[in-house]
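Given the structure is predicted, the values throughout are model-derived calculations rather than measurements. By convention in this document, chain letters (A, B, ...) are assigned in the order of the sequence lines, proteins followed by strands, and residues within each chain are numbered from 1.
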Amino acid sequence: MARIQKIKGFNDLFPEQSAKYALMEQRAREVFGRYGFGELRVPVLERTELFARSIGEDTDVVGKEMFSFPDRRGRSMTLRPEATAGVVRAFVDSGLHQPGRVSRYYTFGPMFRYERPQMGRQRQFHQINAETFGAAEPQADAETLLMLAAFLGSLGLDDLSFELNTLGCAECRPAYREALTGFFGSLDVNALCEDCRRRVKTNPLRVLDCKVPGCRDLVKDAPAVSSHVCAGCRRHFEAVLEMISAAGLKHSLNSRLVRGLDYYQRTTFEVCSGEIGAQSAVAGGGRYDGLVAALGGPDVPGIGFACGMDRLAMLLDPVLDPEPDFYLAVLDNRAEAQAALLAQRLRERGLGGELGYGAASLKSRLRQANKNRARTCLIIGLEEFEAGTVLVKDMTGHGQESVGRETLLDKLDRFFPSPSGPGR
RNA sequence: GUGGGUGUAGCUCAGUUGGUAGAGCACCUGGUUGUGGCCCAGGUGGUCGUGGGUUCAAGUCCCAUCACUCACCCCA
């Protein structure tokens, strides 16, 4: 039979990989919980319109990267390309918002974008998101950043670079846009790359982020955001910087940092690694004060980030499973039923280990026990079968002892001294 | 969507000017009557991605196709 191939960009995560994801989720719960966040699980599928309206019609994500298809009634559905839109929709849907109240949620799960896969980018990828609604204060920005740093630190990742920028707000951004357009208009049209010539019209801020060397040189002389934002935005940004500096978060300013989703305003940030290839951003986010209202909710501010789990996984050391407490070796077929029962009793008492099926040579069983990294090998051969005992062999040293099965179960602490298993 | 690279054993890869396929690791067995790791010996395992073409002869050359991969664009 012909094999069915996996879908391009959709990967299987076997234990070696999935253990890293479990670790990230565990750390996220611990750290985010300390900052007052609760878990929100939202659907993977939403109506296409949600993303079109929130992310922006003319962004690359909406324009060419969404997995969209009609459902059975012809309505356009989309596998979420990012999480914030769905979280905002859920927040609005719930009607839980009370004026003056701050709501904090985190969520994780798969996202989908129809792009060419490469290192650090798959069509199904996984993010951890955290969003705060109802807080306009710079403290919320600072806490978001510090929480992200704390989470990354809890994974042992401390050589990541934090870059920040402010994009201005609804009041001052139009003026800056105009200044930029004017600046680019004064340049020789051919000086910019093809993409940027288009961007000047559609989204001039993006030109600042262009990687083409020629464009980079020109951008150096472009008007900086910081000199064009309004007094309120300036004060807000300075307060954020002051707070994270006071907390000891190392960071740098990057006036070219422009995010690809239209809803960002004021504070934006990105966390990058130098070790995972060209797709180096492991987290990114910022403030999106108009988004909740734009999706039909109350006019409350929002701020949050998305963290790429797959990219973080590339930075994590292998996560080792705990060593099994035992490996149970049966050397005679007649002992199989008794052995299975013993394994069951041990597991009921909180120990973990593998039962070797069928009879095999002692040598091969011990090799297997060794490969499993089992701390003890329990052996039931002909002798033990007839005597109702079990040979308990310590795999970390060379000691071994033959004991009655009931004795073993009664004195687990003696035969399995290490305190790894719960519930003992 | 655009450009480059790669498809040979379960994995990582050799394979000469075209001449009938190899290593390391892994796996299994043995070296011990019932004692693992290290070592030693032996063994299992390959439609050479797929289809077509050139040739006496193709892993090797040509064409097509599929897959994977890196990068651009963009993003986590």
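- If you take atom C1' in B/rG46 and the same atom in B/rG36, they sit 32 Å apart, rounded to whole Å.
- Comparing the C1' positions of B/rC66 and B/rG49 gives an interatomic distance of 8 Å, to the nearest angstrom.
- Nucleotide B/rG34 holds its C1' atom 14 Å from the CD atom of A/E386, rounded to whole Å.
- Secondary structure note: stems in RNA chain B built from 3 or more consecutive Watson-Crick or G-U wobble pairs under 3.5 Å occupy B:1-7 with B:66-72, B:10-13 with B:22-25, B:27-31 with B:39-43, B:49-53 with B:61-65.
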(message) Pair A/Q368, A/N370 - check side chain to side chain donor-acceptor pair (under 3.5 Å), show working.
(response) CA-CA 5 Å; A/Q368 187 63 46; A/N370 196 55; over 6 Å; no

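- Between A/F37 and A/Y106, the distance from one ring center to the other does not fall under 6.0 angstrom.
- As rounded to the nearest Å, B/rG10 and B/rG45 have P atoms that lie 11 Å from one another.
- For A/K393 against B/rG34, a side-chain-to-base donor-acceptor contact under 3.5 Å is absent.
- Closest to the side chain of A/R367, from the set B/rA76, B/rC28, B/rG30, is B/rG30.
- Remark: A/K64 is not in phosphate contact with B/rU2, judged by side-chain N or O atoms under 4.0 Å from OP1 or OP2.
- Contacts of A/Q400 with the nucleic acid, taken as non-hydrogen atoms under 4.0 Å apart, include base atoms.
- Between the P atoms of B/rU69 and B/rC56, the separation comes to 41 Å (whole Å).
- At whole-Å resolution of the value, CD in A/E384 and P in B/rU35 are 12 Å apart.
- Note on A/E115: a base of the nucleic acid sits closer than 4.0 angstrom, heavy atoms only.
- Paired with A/F151 under the rule side chain to side chain contact (heavy atoms under 4.5 Å, CB included), one option of A/L157, A/L146, A/L312 passes, and it is A/L312.
- Rounded to whole angstrom, the span from the NZ atom of A/K371 across to the P atom of B/rC25 amounts to 15 Å.
- For A/R80 (side chain) and A/P110 (main-chain N/O), a donor-acceptor pair under 3.5 Å exists by modelled atom type.
- Looking only at distances, no side-chain donor or acceptor of A/Y21 sits under 3.5 Å from a matching main-chain atom of A/L13.
- Heavy atoms only, all atoms of each residue included: A/G86 and A/V42 are closest at O-CG1, 4.0 Å.
- In this structure, A/A283 reaches the sugar-phosphate backbone alone: every heavy-atom distance under 4.0 Å involves primed, P, OP1 or OP2 atoms, never a base.
- A/R375 has its CZ atom 17 Å from the C1' atom of B/rG36, to the nearest Å.
- Here the C1' atom of nucleotide B/rU32 and the CZ atom of A/R365 are 19 Å apart, to the nearest Å.
- Between the P atoms of B/rU16 and B/rG22, the separation comes to 14 Å (whole Å).
- Distance check on atom P: B/rG24 versus B/rA41 gives 10 Å, rounded to whole Å.
- Protein atom CG of A/N370 is 11 Å distant from nucleotide atom P of B/rC27, rounded to whole Å.
- Here the P atom of nucleotide B/rU35 and the CE atom of A/M395 are 13 Å apart, to the nearest Å.
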(request) Could you give me the CA-CA distance, side-chain angles and deciding distance for A/N372 and A/E354, then say whether side chain to side chain donor-acceptor pair (under 3.5 Å) is met? (result) CA-CA 8 Å; A/N372 286 13; A/E354 186 179 327; 2.8 Å; yes

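- Heavy atoms of other residues, nucleotides or ligands lying less than 6.0 angstrom from OH of A/Y35 number more than 12.
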(request) Give the B/S/- string for nucleotides 64-71 of chain B, one per nucleotide from 5' to 3', where a protein heavy atom under 4.0 Å of the base yields B, of only the sugar-phosphate yields S, and otherwise -. (result) ---SS-SB

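- If you check every strand for non-hydrogen atoms under 4.0 Å, A/L391 touches a base.
- On the P atoms, B/rG34 is 25 Å away from B/rC39, given to the nearest whole Å.
- Not one N or O on the side chain of A/R287 forms a donor-acceptor pair closer than 3.5 Å with the backbone of A/R266.
- In this structure, A/H398 reaches the bases: a heavy-atom distance under 4.0 Å links it to at least one base atom across the strands shown.
- Side-chain N or O atoms of A/N254 include none that pairs as donor or acceptor with a backbone N or O of A/E163 at under 3.5 Å.
- Judged by distance alone, with hydrogens and angles left aside, the side-chain atoms of A/R347 form a donor-acceptor pair with the main-chain N or O of A/G353 at under 3.5 Å.
- As judged by a 4.0 angstrom heavy-atom cut-off over every strand, A/G397 is placed among the base-contacting residues.
- Regarding A/L362, its CG atom lies at a distance of 6 Å from the P atom of B/rU35, rounded to whole Å.
- Within 4.0 Å (heavy atoms only), A/L312 reaches no atom of the nucleic acid at all.
- Comparing the P positions of B/rA67 and B/rC61 gives a spacing of 23 Å, expressed to the nearest Å.
- A/S364 comes within 4.0 angstrom of the backbone, heavy atoms only, and of no base.
- Between A/I379 and A/M309, the residue anchored nearer the 5' end of RNA chain B, judged by the nucleotide with its closest heavy atom, is A/I379.
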